[in-house]
Every structure is written in structure tokens, then in C-alpha cells.
2 protein chains.
Amino acid sequence: MNRRNTPTKEAVLNLLLSSRKALSQDAIERQLDIEINRATIYRVLNRFCEDDIVHKIVAEDGKQYFAICKKCEDQPEVVQHHFHFRCLSCDSIECLQVPVEYSVPNGYEVQNANCVLTGTCNDCS
Amino acid sequence: MNRRNTPTKEAVLNLLLSSRKALSQDAIERQLDIEINRATIYRVLNRFCEDDIVHKIVAEDGKQYFAICKKCEDQPEVVQHHFHFRCLSCDSIECLQVPVEYSVPNGYEVQNANCVLTGTCNDCS
DNA sequence: TGTTTTATTGCGAATAAGTTGCAATAATAC
DNA sequence: GTATTATTGCAACTTATTCGCAATAAAACA
């Protein structure tokens with residue numbers, strides 16, 4: 001299943017790269033100049049996730065948001081789990097450079113972390 | 001808007017009290033002996049949330065799960081934000097007694113935290 | 001105890017997010 | 001240039017949650 005380069009893929013990737021925020025499918029659809037089908041956007045995004053180009057966050061609104069996997073300065077090798085911040089005022093989600101730290105009971109094995117803080121961001125407070 | 005006691009409310013509350021896990025609407029509906037309408041279950045649960053009897057978790061499946069606000073031994077006054085664990089094997093969500101710790105950039109104000117770790121629980125590993 | 005008030009419920013319909021099957025299109029390899 | 005098959009668009013579908021409305025039933029009160 002080799003990947004192909006398409007205008008759609010390019011457009012979505014560029015949008016995500018230029019965005020400071022995590023974007024939902026409908027935000028992406030709105031912000032793109034070219035018209036791309038809803039289902040296609042999801043498929044492109046999910047492929048990006050499979051390829052670890054993008055990570056998916058699910059917020060308390062139950063919606064999926066997608067953000068480029070930027071590597072943290074301190075740990076260039078790993079894109080570790082970090083907190084996300086959802087501002088209720090401007091309704092945007094961004095990645096914080098704050099690693100998620102936790103311990104789990106014996107026998108538990110963590111594969112993923114989905115952590116979203118909610119409140120008011122600097123721009124809105 | 002005074003609250004009234006109803007069989008429905010009782011039943012849902014007792015179920016949540018007796019459950020070690022956070023429950024979704026459909027899990028509650030399935031586990032109850034009495035027949036309660038879907039919309040009603042949601043309304044009861046949301047009222048519990050408003051009254052801080054129950055807290056809501058949204059998992060990466062986008063679904064809402066509800067759990068009794070048990071107070072942690074260490075900080076009996078406050079039900080502080082804690083991690084949740086979702087086991088992909090037995091598909092259940094539970095509250096961990098692990099507080100969520102974080103810092104946020106200047107000017108950010110956190111009102112809530114929704115943190116779910118995903119993986120395999122002790123029973124399934 | 002009977003009556004009134006209004007919170008709660010059930011029902012059905014609506015909404016919204018995300019997925020899927022399928023046929024058409026278009027990258028890429030040869 | 002042709003063949004292969006990844007990608008796309010479309011429409012339909014699924015699933016979770018919400019909402020309006022009329023009926024019901026707690027709770028307060030006479």
C-alpha cells in the first residue's frame with residue numbers, strides 16, 4: 001500500500017503545517033481554497049496518523065482534532081505525549097509543550113494518552 | 001429548579017455507585033433492570049454532573065462515560081482531576097487514583113481536564 | 001387528603017461526526 | 001504509452017447525543 005502524492009494531500013498537509021492549532025475536519029474543509037470531500041479529508045488525515053505525520057486528539061466535545069507531530073526541543077527523537085489546551089472562548093485547540101506524566105498500577109500498560117485541558121487561553125483571558 | 005427523587009434517578013445512581021467502572025449511556029441502559037429511555041438517561045446523567053455527583057469523561061472513541069466522583073484519600077475536600085484508563089482489550093474505563101499534574105503557559109486558565117490513558121489493564125495483560 | 005405547580009419522562013425526530021461501498025479518476029511503475 | 005492500484009467523490013449509513021412537546025408524577029401547599 002504505497003502512498004501517492006496528490007493535490008489533496010499536499011493541501012491538507014500545508015494547512016496543518018501553517019496552523020498553530022489542531023484542526024478538525026470541518027475547520028480544514030472551511031480553510032482550504034480547494035474543494036475536498038469530507039470523507040476524503042478524513043481518509044487523508046487518518047493516513048497521516050498511520051504514518052505518524054499527524055496525531056489525533058479527541059476533545060470533550062467528542063470531536064477529532066488533528067495536529068502536526070512537532071518534535072519537542074528537549075527530546076528530538078520522540079514525539080512524546082503532551083497536553084493539549086482547548087480554549088472555550090475562541091474554541092481552538094493547541095498542543096502545549098508540556099509532557100504528560102503519570103504512573104499506572106502494576107500490570108497496566110499504556111499505549112497512548114489523550115489529554116486535553118480546557119479553559120481560557122492567553123489571547124482570551 | 002429543585003431536584004426530585006425518581007426511580008430512574010435512584011436506579012442510575014445505584015448502578016454507578018456499585019460499578020468499578022465509568023459507564024456509557026448504553027452500558028447503563030443494558031445493565032439496568034428497569035427500562036429507561038435513552039434521552040432520560042442522558043438527562044439524569046447530565047443533572048448528576050451539574051450537581052457534581054458524577055463526572056464525565058470523553059474517551060478517544062468520542063463517547064461520553066460517567067463515573068461517581070469518589071474523593072481521593074489524600075485530598076478529601078476536593079475531587080481533583082485524575083487520570084482515566086481505557087483498556088482496549090476489555091473495553092472498559094476506570095478512574096485511576098493518579099492526579100493529573102501540569103503547568104500551563106502564562107495567561108492560561110484551566111477549568112477542567114480530560115485525561116485518558118489507553119492500553120491494557122491488569123486483568124487483560 | 002385533594003389540588004396545584006413544575007420537574008421529569010417517553011417518544012419521535014433532528015443533528016452532527018465519522019465511516020463505508022462502489023465506481024471513476026489519476027499517480028506511479030514498467 | 002500502458003497497466004496497476006492508490007485515491008477520490010458521492011451517497012448512503014451508523015452511532016451518539018440532543019431537542020421539542022405532550023403526558024406523567026414528585027413535592028409543596030391548602
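Every chain is numbered from 1, with letters handed out A, B, ... down the list of sequences.
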query: Rounding to a whole Å, what distance do you find between L45(B):CG and dT8(C):C1'?
result: 14 Å
query: For the pair made of CG in N5(A) and P in dA29(C), what is the distance, rounded to whole Å?
result: 10 Å
statement: Rounded to 10°, the helix from dT1(C)-dA30(D) to dC30(C)-dG1(D) deviates from straight, judged by its five-pair end axes, by 30°
message: Please report the distance, rounded to the nearest Å, between CG in N2(A) and P in dA29(C).
response: 8 Å
Polar atom pairs (N or O), protein with nucleotides 17-21 of chain C, under 3.5 Å:
unit_1: dG18(C); atom_1: OP1; unit_2: Q64(A); atom_2: N; d: 2.6
unit_1: dG18(C); atom_1: OP2; unit_2: Y42(A); atom_2: OH; d: 2.1
unit_1: dG18(C); atom_1: O5'; unit_2: Y42(A); atom_2: OH; d: 3.1
unit_1: dG18(C); atom_1: N7; unit_2: R38(A); atom_2: NH1; d: 3.3
unit_1: dG18(C); atom_1: O6; unit_2: R38(A); atom_2: NH1; d: 3.0
unit_1: dG21(C); atom_1: O6; unit_2: R43(A); atom_2: NH1; d: 3.3

task: Check the angle between the aromatic planes of H84(B) and H55(B) and answer parallel, tilted or perpendicular using the 30° and 60° thresholds.
output: tilted
query: Does the S18(B) side chain pair with the main chain of N14(B), one donor and one acceptor, at a distance under 3.5 Å?
result: yes
message: Can you see if the side chain of T6(A) gets near the phosphate of dT8(D) - specifically, an N or O under 4.0 Å from OP1 or OP2?
response: yes
- request: Take the protein atom CD of E10(A) and the nucleotide atom C1' of dT8(D), then report the distance between them rounded to whole Å.
  value: 16 Å
message: Taking G107(B)'s backbone N and O only, do any of them form a donor-acceptor pair with S125(A)'s side chain (distance below 3.5 Å, no angle check)?
response: yes
message: Quick one: does any side-chain atom of N112(A) pair with a main-chain N or O of T118(B) as donor and acceptor, under 3.5 Å?
response: no
- request: Give a yes or no on whether the ring-centroid distance for F48(B) and F66(B) is below 6.0 angstrom.
  value: no
query: Taking only residues two or more places apart in sequence, or in another chain, which ones meet C90(A) in a side chain to side chain contact (heavy atoms under 4.5 Å, CB included)?
result: C87(A), S92(A), C121(A), C124(A)
message: What is the distance, to the nearest angstrom, from the CD1 atom on I36(A) to the P atom on dG9(D)?
response: 7 Å
statement: The salt bridge (Lys or Arg N to Asp or Glu O under 4.0 Å) partners of R20(B) (sequence neighbours excluded) come to none
field: Length of the line joining E29(B):CD and dC11(C):C1', which is rounded to integer Å
entry: 13 Å
Taking only N/O atoms, report every protein-nucleotides 2-5 of chain D pair under 3.5 Å with atom names and distance.
unit_1: dT5(D); atom_1: O2; unit_2: R4(A); atom_2: NH1; d: 3.1
unit_1: dT5(D); atom_1: O2; unit_2: R4(A); atom_2: NH2; d: 2.9

field: Residue pairs fulfilling side chain to side chain donor-acceptor pair (under 3.5 Å) with at least one residue in residues 31-46 of chain A, sequence neighbours excluded
entry: none
task: Check the distance between dT8(D)'s C1' and L32(A)'s CG and give it to me in whole angstrom.
output: 15 Å
Within-4.5 Å side-chain heavy-atom neighbours: L45(B) and Q64(B): no
- prompt: Can you find a pair of side-chain heavy atoms, one from V58(B) and one from V116(A), that are under 4.5 Å apart?
  reply: no
- prompt: Nearest-Å distance, NZ (K9(B)) to C1' (dT24(D))?
  reply: 17 Å
task: Kindly indicate whether the side chain of L16(B), heavy atoms from C-beta on, has any atom under 4.5 Å from the side chain of L23(B).
output: yes
